[in-house]
Asks: 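Got a structure for you, written out below as structure tokens; questions coming shortly.
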Amino acid sequence: MSVPVTVVIVDESGIAKEMLRMDGAPLVSVQTAVNKAYAAAAIGMPPDEFYAAIKSDAAAVTEFGTRPGLALIAGGLPVIAGGKVAGAIGVAGAMTAAEDRRIAEVAIANANG
């Protein structure tokens with residue numbers, strides 16, 4: 001069964017390079033996927049893992065959690081090459097952010113072939 005999602009690929013600066021919105025993917029998934037990919041590129045780690053690391057620091061959560069364009073939820077993964085961020089992927093539209101992350105992980109694994 002196919003889950004309709006939006007997939008966004010960004011470069012190392014978080015600039016969108018590619019986007020694919022599957023038929024039936026929620027409209028809100030477009031900006032959410034952009035924000036997840038941007039966050040992964042900007043932070044250099046999956047945004048949900050970053051959130052887990054800062055969640056006990058209210059000031060950090062306020063600073064990063066309210067920053068426009070930065071989604072601190074699962075579904076964004078950086079692409080690391082030579083120890084540096086080479087880009088990132090953001091997936092949105094599945095029923096849970098955890099499912100979005102699994103789709104992103106499979107996409108990266110398939111790209112690395």
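Keep in mind that what you see is a predicted model, and the values were worked out from it rather than measured.
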Asks: Grab the two heavy atoms, one from P4 and one from P26, that are nearest each other, plus how far apart they are.
Replies: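 Heavy-atom minimum between the residues: O-CD, 4.1 Å.
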
Asks: Is the side chain of K36 donor-acceptor paired with the backbone N or O of A74 at a distance under 3.5 Å, no angle test?
Replies: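 A pair under 3.5 Å: yes.
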
Asks: Does V28 sit in a hydrophobic cluster with other residues, and if so which ones, taking ILVMFWY side chains as linked at heavy-atom separations under 4.5 Å, directly or through other members?
Replies: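 So far as hydrophobic clustering goes, V28 is joined with none.
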
Asks: Can you list everything that forms a ring pair (Phe, Tyr, Trp, His ring centres under 6.0 Å) with Y51? Sequence neighbours excluded, please.
Replies: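 Partners of Y51 under the ring pair (Phe, Tyr, Trp, His ring centres under 6.0 Å) test: none.
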
Asks: For G75 versus A104, what's the shortest heavy-atom pair and its separation?
Replies: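 Looks like O-CB, 4.0 Å.
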
Asks: Mind jotting down which residue pairs meet the side chain to side chain donor-acceptor pair (under 3.5 Å) criterion with at least one end in residues 64-88? Sequence neighbours excluded, please.
Replies: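 Sorted pair list: E63-R67.
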
Asks: Which residue pairs pass the side chain to side chain donor-acceptor pair (under 3.5 Å) test with at least one member in residues 40-50, sequence neighbours excluded?
Replies: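 Checked against side chain to side chain donor-acceptor pair (under 3.5 Å) - neighbours excluded - the pairs reaching residues 40-50 are D48-R101, E49-R101.
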
Asks: Where do T6 and A33 come nearest, in terms of heavy atoms and distance?
Replies: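 Of all heavy-atom pairs spanning T6 and A33, the closest is O-CB, 3.7 Å.
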
Asks: Is V10 isolated, or which residues cluster with it under the ILVMFWY side-chain rule of less than 4.5 Å, directly or via members?
Replies: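 When side chains under 4.5 Å apart are linked, the cluster holding V10 also contains V8, M19, V30, V34.
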
Asks: Report yes or no: do I108 and V106 belong to one cluster of Ile/Leu/Val/Met/Phe/Trp/Tyr joined by side chain heavy-atom distances under 4.5 Å?
Replies: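 Shared cluster, no.
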
Asks: So, for A88 and A41, which heavy atoms are closest and what is the spacing to 0.1 Å?
Replies: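 Reported closest heavy-atom pair: CB-N, 3.7 Å.
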
Asks: Scan residues 9-35 for pairs that pass salt bridge (Lys or Arg N to Asp or Glu O under 4.0 Å), counting only residues two or more places apart or in two chains.
Replies: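 Sorted result for residues 9-35: empty, none.
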
Asks: Work out which heavy atom in D100 is nearest to a heavy atom in G93; give both atom names and the distance.
Replies: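 Minimum heavy-atom separation between D100 and G93: OD1-N, 3.4 Å.
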
Asks: When hydrophobic residues are tied together by side-chain contacts of less than 4.5 Å, even through go-betweens, does I80 share a cluster with L77?
Replies: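 No, it is not one cluster - the side chains of I80 and L77 are not joined through contacts under 4.5 Å.
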
Asks: Give the cluster check for V5 versus L20: same hydrophobic cluster or not, with ILVMFWY residues linked at side-chain heavy-atom distances below 4.5 Å.
Replies: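 In one cluster: no.
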
Asks: I9 and Y38: same hydrophobic cluster, using ILVMFWY side-chain contacts below 4.5 Å?
Replies: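 No, I9 does not connect to Y38 through the hydrophobic network.
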
Asks: Heavy atoms only: give me the nearest P46-P78 pair and the separation to one decimal.
Replies: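 That would be N-CD, 3.7 Å.
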
Asks: Measure the shortest side-chain to side-chain distance between L72 and I43 over non-hydrogen atoms and say whether it is less than 4.5 angstrom.
Replies: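 Yes, their side chains come closer than 4.5 Å.
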
Asks: Do L70 and I54 belong to the same hydrophobic cluster, where Ile, Leu, Val, Met, Phe, Trp and Tyr are linked whenever their side-chain heavy atoms lie under 4.5 Å apart, directly or via other members?
Replies: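 Linked, L70 and I54 end up in one cluster.
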
